[in-house]
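Below you'll find the structure, written out as structure tokens, and then a few comments.
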Amino acid sequence: MPELKDSNTIKTDSGIEIRECYSTHVTENPEPGIFPFTRGIRKDMYRGRLWTMRQYAGFSTAEESNKRYHYLLSQGTTGLSVAFDLPTQIGYDSHHAMSEGEVGKVGVAIDSLADIEVLFDGIELQKVTTSMTINATAATLLAMYVALAKKQGADLSKISGTIQNDILKEYAARGTYIYPVKPSMRIITDIFEWCSKELPKWNTISISGYHIREAGSTAAQELAFTLANGKSYVQAALLKGLDINVFGKRLSFFFNAHNNFFEEIAKFRAARRMWANIMQDLGATQQEAMMLRFHTQTGGSTLTAQQPENNISRVTIQALAAVLGGTQSLHTNGFDEALSLPTENAARIALRTQQIVAFESGVTDTVDPLGGSHFIESLTDDMEKEAMAYINQIDAMGGSVEAIETGWMQTEIANSSYQYQKSVENKGRIIVGVNDFVTDEQNNTELLRVDDQIRLDQIKKIEKLKANRNNENVVQALKAIEEAAQNGTNLMPVIIDAVEVYATLGEIADTLRNVFGEYKG
């Protein structure tokens, strides 16, 4: 946290002390594209190919979200990123009592393959990359995506995209879990195994620090806890007998970008170097299996409801940090997202922000333009040292699963969040428009509203679906899922069979609940 009142002691958000001047550094990094990839995973980086401009969108019904996707594609988005509503994320159909008040609110409502067919209507899945922010029900949503691709006649070996599929951070920071930890880890490794054979270009997990940071962690904690979770997934896959040089190539990461510009750049550089060494230590021998590829989203928790137009500047700083840090894809938040889901205008400005960075700023002209800076290199080393101290603590506990089940990781995040809030309240940290430079202007920002009628419309769709499908086939498909869950065979083939006969997401989740139980935090 920068201490503005004492010019002799200035620290980053992670508590790393910043010297007044940096005149030397001792770290010598290999060129980009060479292990341990500190300077980037590709030799030419953005000179050869820009990052994917992947705007996160999804709200209301599949029909409404489909319109937004077509709009974003027409404006130059190069990858889709799907937001799902809370009932979809935790395995409840829209007519379930637990879904009341939440259908279509923070993302699109998906109850069955029929909704996925509408969501991607007019979009050839073989020609786009799609990221889906989904965890506990990731296997079912991926199955629906695969089923639609098959209906479109796509070559599954060419389908590319990502499912988040990171359940550990749900227990640690976000809360959209369903099953206990061990069966959840089993589902994840089932996905790894199935995709390595059937969907080779698909990124089977996006190991996420984003939500850890949103919950209040520091940058160093975000880095450490994310890589520690990644290490646990790799170890679980190795125990299943999977080849690290195969599944390791399909791992991806998802980081946050906040406002401390240089610390964020150093975090991304340190992450690549740390992961390369972790994977080498775990047995990877192929370079591509040691590369940390990551998506970045600008910091939702940094956006302010006060003077919301200021958020455009915040998002620009964060986007620039992500690019200078070497991200592979990027989502920029709408300036109005502290108030509501982004309007079409806010989504367009967010996309234009990326395009201005890409095409007008000149920062893409050379690889790792801040590499060799005494300050950046020193800060990268400091970030690695700080994060490795946390990882060593987690390893001593037995790994991330144990650190989460004992509540240690959650407590560390909560303590950091508390310290942050204290610093805002005592003005040790200035938030423009919130605790300083405030105005009495009335906020007239246009907001996007989602009507509660959406739930009633979804319920009608479910009723119609169940009346028209072959319910005997559904019963048989759900029985097959139950048996696979019990006997340990891979769940992906039977879940795909179930979605293809239009079993609902809630029916599939309930079948697994009956076998695995539910996690009680």
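Predicted, not measured: the structure shown is a model, and the values here were computed from it.
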- Item | Verdict with supporting geometry, Arg49 and Asp44, salt bridge (Lys or Arg N to Asp or Glu O under 4.0 Å) | CA-CA 8 Å; Arg49 184 177 73 211; Asp44 59 353; over 6 Å; no

- Message: Taking Ala136's backbone N and O only, do any of them form a donor-acceptor pair with Glu170's side chain (distance below 3.5 Å, no angle check)?
- Response: no

- Item | Whether Arg429 side chain and Ser423 backbone form a donor-acceptor pair below 3.5 Å | no

- Query: Do Asn311 side-chain atoms and Phe335 backbone N/O form a donor-acceptor pair below 3.5 Å?
  - Reply: yes

- Task: Taking all heavy atoms of Asn333 and all of Val315, pick out the closest pair and write down the distance.
- Result: O-CG2, 3.6 Å

- Query: Any side-chain heavy atom of Lys11 within less than 4.5 Å of one from Ile16?
  - Reply: no

- Would you say Arg273 and Thr380 make side-chain contact, with heavy atoms under 4.5 Å? yes

- Task: Nearest 0.5 Å please: distance from the OG1 atom of Thr137 over to the CD1 atom of Ile187.
- Result: 10.0 Å

- Message: In terms of relative ring orientation, are Phe375 and Tyr22 parallel, tilted or perpendicular, with 30° and 60° separating the classes?
- Response: tilted

- Message: Any salt bridge linking Asp381 with Lys385? Criterion: basic side-chain nitrogen under 4.0 Å from a carboxylate oxygen.
- Response: no

- Does some side-chain heavy atom of Leu251 sit less than 4.5 Å from a side-chain heavy atom of Tyr233? no

- Under the 3.5 angstrom rule, does the side chain of Ser65 hit a backbone N or O of Ala62 as a donor-acceptor pair? no

- Angle class for the Trp202/Tyr145 ring planes (parallel below 30°, perpendicular above 60°, tilted otherwise)? tilted

- Message: Taking Lys43 first and then Glu31, would you say they form a salt bridge - that is, a charged N and a carboxylate O separated by under 4.0 Å?
- Response: no

- Message: Looking at Arg269 and Glu377, is there a salt bridge between them, counting it only when a charged N and a carboxylate O are closer than 4.0 Å?
- Response: yes

- Flag the pair Trp275 / Phe253 as yes when their ring centroid distance falls below 6.0 Å, and as no otherwise. yes

- Task: Would you mind reporting whether Thr366 and Tyr46 have side-chain heavy atoms less than 4.5 Å apart?
- Result: no

- Item | Euclidean distance, Glu214 CD relative to Ile413 CD1, rounded to 0.5 Å | 12.0 Å

- Check: Phe255 ring centre within less than 6.0 Å of Tyr210 ring centre: no

- Task: Report the distance from atom CG of Asp13 to atom OG of Ser416, rounding to the nearest 0.5 Å.
- Result: 10.5 Å

- Are any side-chain N or O atoms of Thr226 and backbone N or O atoms of Glu222, one a donor and one an acceptor, separated by less than 3.5 Å? yes

- Pair Arg213 + Glu264: basic N to acidic O under 4.0 Å: yes

